[in-house]
S.K.: 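Take this structure, written in structure tokens, and hold onto it; I'll ask about it next.
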Amino acid sequence: MILSPTRQILSESLRPIRAEGLLLGLVPTMGYIHEGHLSLVDLARERSEFLAVSIFVNPLQFGPGEDLSRYPRELDRDLTLLRDRGADLVFFPSVEEMYPDGALQVVVDPGPMSQRLCGVHRPGHFGGVLTVVARLFGLFRPQIALFGQKDYQQAVLVRRMVRDLEMGVEVVLGPIVREEDGLALSSRNVFLSRDERADALGLRRGLQEVQRAFEEGNRSGQELGRVLFREVEKHPLLQLQYGEIVHPDSLEPLETVVPGAVAAVAAHCGGTRLIDNHILKG
Ligand code: PAF
């Protein structure tokens, strides 16, 4: 596995890959690798001939007061996990290496879909995400890039950026990977105390209740939203930010819910912000 802490090593390492015409797959991450990331690595390996992973905790996507400084980082462990899982290259630049000219003058405007759901509570977040993803796409020029369904809004926005800016990258969405009891894997789960960890399951339970009500014939977006609230409220350590049933592409709230709609939820659990979602089947 090639270790690339710099853009220089990255471009030298990718030159022969491009010359040979190998299909390059990229899994962008912020590190603290877990099975969710590794499942994307597995998917990428099936679909590409050279598999690259980036690890970069991107300051542009953290707002003031968010958890940038305490975001978990464990590079050696990450590199071992990625090597064992068959990654061909890992790019892990410092902030100075990623943004050598300091603050960027030109950034990506993520547009109206970024104002919904998480965007309401994290102003500027998706601009930061799309800007770093665009930069990674520029550095790697991958044919395919993989993102997890857990960050559903992020994946929709990346797809839209690729489409609107003709970036020519196939964006593949990997399914949510969960703990045995249903908690969606996240690097931030490490911050949860035992009690918080127990209450965090309320998000998943809320989504399951929505699915159940939908199967029983409830098609009202508002009522299904209330089903979600009621379940989340049973968990006192959860402070709900939003719970909505939205269109899978536009992220607009749905009055009438159809299969394929996305139930999306975000809450603080103690000091940790958690998100989860579920694509309704029916
Ligand atoms: O999902 C993440 O880990 C990050 O938002 C990403 C896509 C790597 C951009 O920093």
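Each ligand, and each atom within it, is numbered from 1 in the order the structure gives. Quantities reported herein were computed from a predicted structural model and do not represent experimental measurements.
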S.K.: Side chain of Arg77, backbone of Ile33: donor and acceptor closer than 3.5 Å?
M.R.: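 Yes; judged by distance alone, with no hydrogens or angles, the pair exists.
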S.K.: More than 12 non-hydrogen atoms from neighbouring residues, nucleotides or ligands closer than 6.0 Å to CD on Gln222, yes or no?
M.R.: no
S.K.: Indicate yes or no for a side-chain donor-acceptor contact from Asp199 to the backbone of Leu237 under 3.5 Å, with no hydrogens or angles considered.
M.R.: yes
S.K.: Would you be so kind as to tabulate the donor-acceptor pairs closer than 3.5 Å made by side chains of residues 262-275, with sequence neighbours excluded?
M.R.:
from: Arg273; atom 1: NE; to: Gln241; atom 2: OE1; distance (Å): 2.7
from: Arg273; atom 1: NH2; to: Gln241; atom 2: OE1; distance (Å): 3.0

S.K.: Please list every donor-acceptor pair under 3.5 Å in which a side-chain atom of residues 180-192 meets a protein atom from a residue at least two apart or in another chain.
M.R.:
from: Asp181; atom 1: OD1; to: Leu183; atom 2: N; distance (Å): 3.3
from: Asp181; atom 1: OD1; to: Arg197; atom 2: NH2; distance (Å): 3.1
from: Asp181; atom 1: OD2; to: Arg197; atom 2: NH1; distance (Å): 3.1
from: Asp181; atom 1: OD2; to: Arg197; atom 2: NH2; distance (Å): 3.0
from: Ser186; atom 1: OG; to: Arg188; atom 2: N; distance (Å): 3.0
from: Ser187; atom 1: OG; to: Gly31; atom 2: O; distance (Å): 3.4
from: Ser187; atom 1: OG; to: Tyr32; atom 2: O; distance (Å): 3.2
from: Arg188; atom 1: NE; to: Asp67; atom 2: OD2; distance (Å): 2.6
from: Arg188; atom 1: NH2; to: Asp67; atom 2: OD1; distance (Å): 3.1
from: Asn189; atom 1: ND2; to: Ala184; atom 2: O; distance (Å): 3.0

S.K.: For a quick test of your reading: what N or O donor-acceptor pairs under 3.5 Å do the side chains of residues 202-211 make, sequence neighbours left out?
M.R.:
from: Arg205; atom 1: NH1; to: His235; atom 2: NE2; distance (Å): 3.0
from: Glu209; atom 1: OE2; to: Arg212; atom 2: NE; distance (Å): 3.4
from: Glu209; atom 1: OE2; to: Arg212; atom 2: NH2; distance (Å): 2.6
from: Gln211; atom 1: OE1; to: His278; atom 2: NE2; distance (Å): 2.7
from: Gln211; atom 1: OE1; to: Lys281; atom 2: N; distance (Å): 3.1
from: Gln211; atom 1: NE2; to: Glu215; atom 2: OE2; distance (Å): 2.7
from: Gln211; atom 1: NE2; to: Lys281; atom 2: O; distance (Å): 2.5

S.K.: Please tabulate, one line per pair, the protein nitrogen or oxygen atoms found under 3.5 angstrom from a nitrogen or oxygen of ligand 1, with distances to 0.1 Å, or say none if there are no such pairs.
M.R.:
from: ligand 1; atom 1: 1 (O); to: Gln154; atom 2: OE1; distance (Å): 3.4
from: ligand 1; atom 1: 1 (O); to: Gln154; atom 2: NE2; distance (Å): 2.8
from: ligand 1; atom 1: 5 (O); to: Gln61; atom 2: NE2; distance (Å): 2.9
from: ligand 1; atom 1: 5 (O); to: Gln154; atom 2: OE1; distance (Å): 2.7
from: ligand 1; atom 1: 10 (O); to: Gln61; atom 2: OE1; distance (Å): 2.6

